[in-house]
Amino acid sequence: APVCISCDTTNPLSQASLLQENSTLRIWLDAQLREKFVVTPIRHIERLSAMTKDEMNRFWNDTQAFLDQQGCTWQSMI
């Protein structure tokens, strides 16, 4: 099965666009060059609803911390 770009961090496009990573999530520049951040869970899932409640809480808390650090709002992410 093909590996998704957000799971394969050895991919050149992944390496060029990865901004930040922690134990919960990865934050990327948008590959389509939109002025947005792409936020993905560190664990491969098909839908956010597959996350545990704890994973979901950490994911959104870490996302908000990144946006605060960048001086951005939720409209800055995809």
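Every value quoted in this text rests on a predicted model; they were computed, and no experiment measured them.
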Donor + acceptor pair across side chains of S6, W28 (<3.5 Å): no
Compute whether any side-chain donor of one residue and acceptor of the other, for Q64 and D68, lie under 3.5 angstrom apart. yes
Group every Ile, Leu, Val, Met, Phe, Trp and Tyr by side-chain heavy-atom contacts under 4.5 Å, then state whether L48 and I27 land in the same group. yes
Taking atom CD as the centre, does Q69 end up with more than 12 heavy-atom neighbours from other residues, nucleotides or ligands that are less than 6.0 angstrom away? yes
State the OG-CG distance between S17 and D30, to the nearest 0.5 angstrom. 9.0 Å
side-chain hydrogen bond (donor to acceptor under 3.5 Å, both in side chains) between T52 and D54: does it pass, once the steps are laid out? CA-CA 5 Å; T52 66; D54 185 53; 5.3 Å; no
In this structure, would L33 and F37 fall into the same cluster of hydrophobic residues linked by side-chain contacts under 4.5 Å? no
Quick check: is W60 connected to L25 through a chain of hydrophobic side chains (ILVMFWY, heavy atoms under 4.5 Å apart)? yes
Distance-only, no hydrogens or angles: does the R26 side chain make a donor-acceptor pair with backbone N or O of Q20 under 3.5 Å? no
Out of L19, L18, T24, which residue meets the side chain to side chain contact (heavy atoms under 4.5 Å, CB included) rule with E21? L18
Donor-acceptor contact below 3.5 Å, side chain S76 vs main chain C72: no
Hydrophobic clusters here meaning ILVMFWY residues chained together by side-chain heavy-atom distances under 4.5 Å, can you tell me if M56 and F66 are in one? yes
Would a distance-only check, ignoring hydrogens and angles, find a side-chain to backbone donor-acceptor pair under 3.5 Å from T63 to F59? yes
Are V39 and L67 linked, directly or through intermediate hydrophobic residues, by side-chain heavy-atom contacts shorter than 4.5 Å (ILVMFWY only)? yes
Are there more than 12 heavy atoms of other residues, nucleotides or ligands under 6.0 Å from atom CD of E35? no
